[in-house]
Amino acid sequence: MQLEKFRRADLRAKDSGTAGRVENSQIGVFLAYAGRSGRALIDRELYLPESWIGDPDRCTEAGIPESCCRSGLLTKPRLAEMMIARTLDAGVAAGWVAADAAYGRDGRFRAFCETRRLSDVLEVPVRHTVADLDGRRRVDTLVARAPAHAWHRVSAGPGERGERAYRLGVGHPPHRR
């Protein structure tokens, strides 16, 4: 499936967090591979909202394969799972996955990564709860307990509003019993 074919698919004004403004855009989910020799985009899927999936004539007019409409609404985490599974099933070696909060707060996505034995670096909202050695805890509680040396400032590059900097906590999750 080539995204170029779908120029008209769901093109509308949307808030673009990366651009920092509302602009005409389509939403795609992209899979990148990073290794010692570099990085590359290796797969992509066009995200189609329910308004498109429920209108097969509109999809046909935009050149979207019928199979995409038949599969029903697929959230961005489900699309990412499909791409990761295709990549791993093709024999590509991968040890970890990194993604933003749209994926980090999705329990099915986290379970998928665990089932495929992939470590993860997933953004989650501070009010999100995660497993701890003695039960479940809110992320902000765990963050407050982390030592200062566990935190590293990393940049995701320039954005419309300046540098997109994050604090990354490095540690080991508790082992499952």
Side-chain angles (χ1 to χ4, degrees), residues 1-34 39-90 92 94 96-130 138-140 154-166 168:
M1 178 168 58
Q2 295 178 345
L3 290 181
E4 295 81 25
K5 291 181 182 178
F6 310 135
R7 272 179 254 251
R8 296 173 291 170
D10 195 37
L11 181 62
R12 60 188 160 104
K14 299 181 193 76
D15 180 35
S16 172
T18 303
R21 63 184 177 270
V22 174
E23 61 182 28
N24 282 339
S25 60
Q26 292 171 309
I27 297 175
V29 178
F30 297 87
L31 182 64
Y33 187 86
R39 57 199 173 277
L41 293 174
I42 60 172
D43 203 352
R44 76 278 182 254
E45 288 286 346
L46 178 65
Y47 169 76
L48 293 169
E50 200 162 2
S51 61
W52 274 79
I53 294 296
D55 190 345
D57 293 336
R58 187 179 192 189
C59 289
T60 301
E61 183 182 323
I64 298 168
E66 185 182 328
S67 60
C68 289
C69 292
R70 273 199 322 265
S71 61
L73 178 66
L74 294 174
T75 63
K76 290 186 277 184
R78 300 299 79 77
L79 293 170
E81 290 168 10
M82 287 172 27
M83 292 186 296
I84 293 167
R86 277 195 302 254
T87 301
L88 295 175
D89 293 346
V92 176
W96 59 277
V97 171
D100 67 20
Y103 306 87
R105 73 171 140 269
D106 186 295
R108 282 180 54 192
F109 183 75
R110 293 191 318 274
F112 167 83
C113 291
E114 188 172 319
T115 300
R116 295 304 294 246
R117 301 175 98 55
L118 293 168
S119 295
D120 59 67
V121 178
L122 301 174
E123 180 184 7
V124 293
V126 295
R127 289 184 296 276
H128 193 77
T129 58
V130 294
R138 279 177 43 142
V139 170
D140 55 356
V154 295
S155 173
E160 182 69 22
R161 298 178 191 145
E163 183 184 16
R164 294 179 297 154
Y166 297 91
L168 177 65

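Here Asp140 pairs with Arg138 under the salt bridge (charged side-chain N to carboxylate O under 4.0 Å, His left out) rule; sequence neighbours left out. Partners of Glu50 by side chain to side chain donor-acceptor pair (under 3.5 Å), not counting sequence neighbours: none found. In this view, Asp89 and Arg116 satisfy the side chain to side chain donor-acceptor pair (under 3.5 Å) rule, not counting sequence neighbours.
Contact detail for Leu88 and Val92: the closest heavy-atom pair is CD2-O, 3.5 Å. Nearest heavy atoms, Gly104 versus Arg110: O-NH1, 2.7 Å. When all heavy atoms of Leu31 and Ile84 are compared, the pair lying nearest together is CD1-CG1, 3.9 Å. Between Ala101 and Pro125, the shortest heavy-atom distance links the atoms CB-CD, 4.5 Å. Across all non-hydrogen atoms, the minimal contact from Leu48 to Leu73 is O-CD1, 3.3 Å.
Atoms CZ and CG, from Phe109 and Leu79 in turn, are 11.0 Å apart once rounded to the nearest 0.5 Å. Atom CZ of residue Arg127 and atom CZ of residue Arg105 lie 10.0 Å apart, to the nearest 0.5 angstrom. Leu74 contributes atom CG, which lies 9.5 Å from atom OH of Tyr47 (distance to the nearest 0.5 angstrom). Rounding to the nearest 0.5 Å places CZ of Arg86 at 5.0 Å from CE of Met82. The SG atom of Cys113 lies 12.5 Å from the CZ atom of Arg108; values are rounded to the nearest 0.5 Å. The CD atom of Glu45 lies 10.0 Å from the CZ atom of Phe30; values are rounded to the nearest 0.5 Å.
With contacts defined as side-chain heavy-atom distances shorter than 4.5 Å, the pair Trp52/Leu46 does not qualify. The shortest distance between side-chain heavy atoms of Tyr33 and Thr87 does not fall below 4.5 Å.
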- request: Check the pair Val29 / Tyr103 against side chain to side chain contact (heavy atoms under 4.5 Å, CB included), numbers first and verdict last.
  value: CA-CA 11 Å; Val29 178; Tyr103 306 87; 3.6 Å; yes
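Looking at Glu81 and Arg78, a side-chain N of the basic residue comes within less than 4.0 Å of a carboxylate O on the acidic one, giving a salt bridge.
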